[in-house]
Amino acid sequence: MPELPEVAYQKKYADATILHKKIVNVETGDKKLFQSSKSEFEETLKNNQFTGSERLGKYLFLNLEKHGVLVVHFGMTGRLEYYQHEELPKYAQLTLTFEDHSRVSFTCPRKFGKLYLAESLIEFQKRNGLGIDALALQKVEFLEILKSKTGTIKALLMNQKQIAGIGNLYADEILFQVKIHPATKVNELSEKDKLNIYDKIEEVLEVVKKVREEGQKLPESYITTVRKKGANCPRNEGKIEQIKVSGRTTYFCPNCQEEKS
DNA sequence: TAGATTGTTACCTT
DNA sequence: AAAGGTAACAATCT
């Protein structure tokens, strides 16, 4: 599920389903997901309730009436499922039953998700060194982050300690939209390039966030819609290629996104 | 079937 | 010291 736009959708989903209801039962799954002891989760959540939610990057914060906040990281396959029936969904790792008998499960087939207990969003952000949320990022902050960096622009966009919220998919999308080769070194970018990248970060994330929240389709001009080796470029100027950049599989159009020399 | 998949991070090298 | 690249994690799909 999980880059910034998908987590924004999970926040909307949580807001519509699980706020202001007393939690009467807590069931936990594989302990590798739980970043505090499972008994601590059980004790903290039982007889408590969610009062609201916040999002930072790819993390969802479910604020509790007492004892701080439940923090959810969705890994690659995590999601919230709200339902009224008895049987647990497949891959349920945390299941809360509310006073009205409805339930919510955090499901996570690949178990890359993580659950934390924290005092607050700010405390969690500091403790984990998370950067500024990509949609709250100011132009000057972005330019400051780019200073004296030597790695690839793609790796920087995905570095959660610098900018929080962009992953492999939308890093590729941003660089496709701005027509910059993903392996370009940050120190080789012109000032114009940098400003264009900043604008596309905001544009792409806003567009995809809205698409996810409203259940719409991505624009046909997006490489994400044809993310496959040999596919036709949405601009019809070439064939999509697949390479590795900073260890991650990367899709781009060599025709639109020329390599700097 | 080998390699791919939206996540992070420990561990290497420079 | 710090920054950047890589492999590993788990389960499934093509």
Side-chain angles (χ1 to χ4, degrees), chain A residues 1-11 13 29-35 55-61 71-80 89-94 106-116 118 124-125 127-131 133-135 144-177 182-189 201 204-205 207-209 211-213 217-218 222-231 240-252:
Chain A
M1 251 274 148
E3 293 183 42
L4 184 153
E6 288 77 23
V7 178
Y9 168 75
Q10 292 290 311
K11 169 173 158 52
Y13 184 83
D30 192 329
K31 76 173 193 299
K32 79 173 284 237
L33 293 260
F34 295 85
Q35 306 302 301
R55 184 192 57 71
L56 173 66
K58 303 172 188 173
Y59 292 85
L60 178 63
F61 298 79
V71 187
V72 182
H73 190 284
F74 294 88
M76 288 171 103
T77 54
R79 55 184 291 218
L80 296 173
K90 209 173 178 186
Y91 308 115
Q93 297 294 345
L94 174 67
F106 174 67
T107 62
C108 194
R110 282 170 65 184
K111 299 182 185 176
F112 284 2
K114 286 195 171 73
L115 297 163
Y116 307 79
F124 185 85
Q125 179 177 23
R127 175 153 55 97
N128 293 284
L130 285 175
D133 185 81
L135 279 180
E144 187 62 33
I145 288 168
L146 291 181
K147 271 190 192 162
S148 70
K149 295 294 190 304
T150 55
T152 66
I153 181 62
K154 172 160 176 173
L156 184 138
L157 291 178
M158 292 195 299
N159 185 337
Q160 305 301 303
K161 289 183 162 46
Q162 306 287 348
I163 304 171
I166 302 170
N168 199 22
L169 233 57
Y170 303 132
D172 280 359
E173 188 62 63
I174 289 160
L175 293 171
F176 176 75
Q177 291 301 325
T184 309
K185 303 280 186 180
V186 173
N187 54 310
E188 290 169 357
L189 293 168
I201 290 172
V204 166
L205 292 179
V207 166
V208 182
K209 176 170 176 258
V211 163
R212 296 303 182 222
E213 286 181 338
K217 285 176 76 177
L218 286 172
Y222 274 32
I223 193 174
T224 307
T225 60
V226 296
R227 210 167 183 279
K228 209 175 173 185
K229 196 174 3 180
I240 303 305
E241 278 187 17
Q242 182 204 65
I243 56 171
K244 289 269 183 190
V245 176
S246 305
R248 300 305 304 274
T249 303
T250 299
Y251 295 89
F252 76 109

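A, B, ... follow the sequence lines: proteins, then strands. Residue 1 opens every chain.
Rounded to whole Å, the distance from CE on A:M158 to C1' on C:dT6 is 13 Å. In this structure, the CD atom of A:Q10 is 13 Å from the C1' atom of B:dT6, given to the nearest Å. Put simply, CG on A:L4 is 14 Å from C1' on B:dG7, counting in whole angstrom units. Summarising the geometry, the separation between CZ on A:R248 and C1' on B:dG3 is reported as 14 Å, rounded to the nearest angstrom. Remark: P of C:dA2 and NZ of A:K149 are 13 Å apart, rounded to the nearest angstrom. Remark: C1' of C:dA11 and CG of A:D30 are 13 Å apart, rounded to the nearest angstrom. For the pair A:N159 CG and B:dT6 P, the computed distance is 18 Å after rounding to whole Å. When the P atom of B:dT5 is taken as reference, atom CZ of A:R79 falls 22 Å away, rounded to whole Å.
Applying the 4.0 Å criterion to OP1 and OP2 of B:dG7, one finds that A:K58 has a side-chain N or O inside that range. The side chain of A:H73 contributes an N or O atom lying less than 4.0 Å from OP1 or OP2 of B:dT8. Proximity of A:K228 to the phosphate of C:dT14: no side-chain N or O atom is located under 4.0 Å from OP1 or OP2. Put simply, A:T150 has a side-chain N or O that comes within less than 4.0 Å of OP1 or OP2 on C:dG4. Residue A:Y251 places at least one side-chain N or O closer than 4.0 Å to OP1 or OP2 of B:dT5.
A side-chain donor-acceptor contact under 3.5 Å links A:Q177 and A:E173.
In this structure, the side chain of A:E241 does not engage the main chain of A:Y251 through any donor-acceptor pair within 3.5 Å.
The side chain of A:K244 has B:dA4 as its nearest neighbour among B:dG7, B:dA4, C:dT12. Ranking B:dT9, B:dG7, C:dG5 by closeness to the A:N168 side chain, first place goes to B:dG7. For A:Q160, taking side-chain heavy atoms from C-beta onward, the closest of the listed nucleotides B:dA4, C:dA11, B:dT8 is B:dT8.
C:dC9 has A:F112 stacked on its base ring, the centres lying under 5.5 angstrom apart and the planes within 30 degrees of parallel.
In terms of heavy atoms, A:A118 sits closest to A:R127 at CB-NH2, 3.7 Å. The two atoms that bring A:L218 and A:R212 nearest to each other are CD1-NH2, 4.1 Å, heavy atoms only. Minimum heavy-atom separation, A:K209 to A:L4: CD-CD2, 4.4 Å. The heavy-atom pair separating A:F106 from A:G113 by the smallest distance is CZ-CA, 4.4 Å. Nearest heavy atoms, A:A134 versus A:I201: O-CG2, 4.2 Å.
Of the C1' atoms belonging to B:dT9 and C:dT12, the separation is 23 Å, rounded to the nearest Å. For the C1' atom pair drawn from B:dG3 and C:dA7, the interatomic distance equals 15 Å after rounding to whole Å. Comparing C:dC13 with B:dT8, their P atoms are spaced 23 Å from each other, to the whole Å.
In this structure, A:T249 reaches the sugar-phosphate backbone alone: every heavy-atom distance under 4.0 Å involves primed, P, OP1 or OP2 atoms, never a base.
Nearest-nucleotide positions on DNA chain C place A:K185 closer to the 5' end than the other of A:K111 and A:K185.
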Secondary-structure notation, DNA chain B, from Watson-Crick and G-U pairs under 3.5 angstrom (| other strand): .||||.||||||||
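Among residues two or more places apart in sequence or in another chain, the ring pair (Phe, Tyr, Trp, His ring centres under 6.0 Å) test is passed with A:F112 by none.
Looking at A:R110, its side chain has no donor and acceptor atom pair within 3.5 Å of the base of C:dT12.
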